[in-house]
Amino acid sequence: MKRARLLLDREMPYEVETAYQTLRANLIFECSEKQTIGIISAKREEGKSLVAMRLGISLAKAGRKVLLLDADLRNSAMQAHISVDSGPLRGTSDFLSGQCTVEDVICSTDVPGLYLIPAGTCEGDPGILFENARCRELLGILKKVFDLILVDTTALETAVDAAVVARRCDGALLITESGRNRGRDMADPLQLLMRSRCPLIGVVLTKQP
Amino acid sequence: MDYLRAVGRGLPLVLLAAAIGALSAYLIFEKLIPPSFTAMTSILISTEAEGDDAAAGQVVIGVSEEAAAREALMPEFIKESADVIRSREASEAVIGRLQLKVDGTPMKASSLQRLISTEADESAGIITIRVKDTDAQRAADIANVLRETAAGMIESSASGFHVTQLEQAEAPLDPAEDNQMLRLLIGALIGAAAALLILTLIFLGDDVIRTSRDAERMLGAEVIAVIPYSKSESTAFEEKKKKRGRRKTS
């Protein structure tokens, strides 16, 4: 198993740390039966990947065995925040296209209890890859091994990948940046999510001034 | 409460609009609308006997019945005289004598009537005539001609009354007193009201999700966490992503 290092500052402002603790607590209270959680947002750069990684760290520190699955194959932010010791950074796309096994793509991290699967190197059509039966197979395997799987997805405005991935999740967290989205602009993304029949666990408001 | 917060955020805009409103009011009234001047003259109306005695400098000891009747009619006559001064006929006569024109065409009597005001002191028998105009000399000319014309009309309308022209109107040196502060205040209030109206319209049309309450109201879902903005964290995250993007393209 490859080992990845998370390139995130471990020191956070107190109020940010507290906010993640609240998120973790609420997530544990409200969806103890949900194992696969899609992290979605309407637009790009609303803080989705950062929330996924910070939440993953927080849950792992609380004793959960957590996997971060990077399903943003179009514009992965997570991949920029990890460093792998050696070899190509194979991940989700490589597995979904059948080029490797689950064992090849799972990386342990420098945070005990936290694992991740990077976006990968294969440049197939992400929409088709997620429709693939291997996607269901991947989540099936992961559910047996991990307590919680956090799936970082593409922004809903970019492609429908997030809705396709969300359909395979037990629930979704909607990340929305404070002051960036209008209520009327959120109607379509929410409808897309509803059509995917993925229950919305709750909203995380990010970058609140 | 949200509305008050929105107004609070827009307070600089309200103050700016109030200042612009006050400045606009000043410019409109002082620069675009020319100042007006008020020329003033007056006439004294008295009964014939009073007039003669007054003219002769004698003291009247006894009054005839006819004179007493005229005295009783005096207040009413003063009012009617004031009406005569403001009448269409008087204005037409003044326009004719002074050849008053507006934009090259003869001035309308109604336009001149609007410039004329009278104030009657019934007990003293004095009618003060005021003429307001943008030209100080013209205001004085109109007042003087109007006084002479009206005096003749009043004297010919009833016998037994005497009209004395008391003072000659002079061209006023200063514009009529304007309440500049009031204008500035009104301008400021209109500006502030306009800004408040704009803020209200913006507020009513604003559906940007800023707070957890906005999110819950507009998304119909519970907000389970609010992550405060952390400049260091956001900047570092975005920069790493951009660096990676550059590496990927090169």
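None of the values given here were measured: they were computed from a predicted structure. Sequence lines set the chain letters: A, B, ... in the order given, protein chains first and strands last, and positions in each chain run from 1.
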Q: So does Arg5(A) have more than 12 non-hydrogen atoms from other groups sitting under 6.0 Å from CZ?
A: no

Q: Taking atom NZ of Lys43(A) as the centre, does the number of heavy atoms from other residues, nucleotides or ligands within less than 6.0 Å exceed 12?
A: yes

Q: Sort out for me which of Gly179(A), Ala187(A), Gly202(A) touches chain B most, counting heavy-atom pairs under 4.5 Å.
A: Gly179(A)

Q: Got a donor-acceptor contact below 3.5 angstrom from the Asp207(B) side chain to the Arg184(A) backbone?
A: yes

Q: Can you give me the closest heavy-atom contact between Leu23(A) and Ala225(B), atom names plus distance?
A: CB-CB, 3.5 Å

Q: As an exercise, state the distance from CD of Glu222(B) to CG of Leu200(A), rounded to the nearest 0.5 Å.
A: 10.0 Å

Q: I need the minimum non-hydrogen distance between Val203(A) and Ala215(B), along with the two atoms involved.
A: CG1-CB, 4.4 Å

Q: Which value, rounded to the nearest 0.5 Å, describes the distance between Ile209(B) atom CD1 and Glu177(A) atom CD?
A: 11.5 Å

Q: Do other residues, nucleotides or ligands put more than 12 heavy atoms under 6.0 Å from Lys65(A) NZ?
A: yes

Q: Please enumerate all residues that pass salt bridge (Lys or Arg N to Asp or Glu O under 4.0 Å) together with Arg24(A), with sequence neighbours excluded.
A: none

Q: What closest approach, in Å, do Leu205(A) and Thr211(B) show between heavy atoms, and which atom pair accounts for it?
A: CD2-C, 3.4 Å

Q: Evaluate side chain to side chain contact (heavy atoms under 4.5 Å, CB included) for Ile175(A) paired with Ile227(B), printing each intermediate quantity in order.
A: CA-CA 10 Å; Ile175(A) 312 298; Ile227(B) 313 290; over 6 Å; no

Q: Check the surroundings of atom NZ in Lys2(A): do more than 12 heavy atoms from other residues, nucleotides or ligands lie under 6.0 Å from it?
A: yes

Q: Near Met153(B) CE, under 6.0 Å, is it more than 12 heavy atoms from other residues, nucleotides or ligands?
A: yes

Q: Is the CD atom of Glu11(A) crowded by more than 12 outside heavy atoms at less than 6.0 Å?
A: no

Q: Can you give me the closest heavy-atom contact between Gln208(A) and Arg210(B), atom names plus distance?
A: OE1-O, 2.7 Å

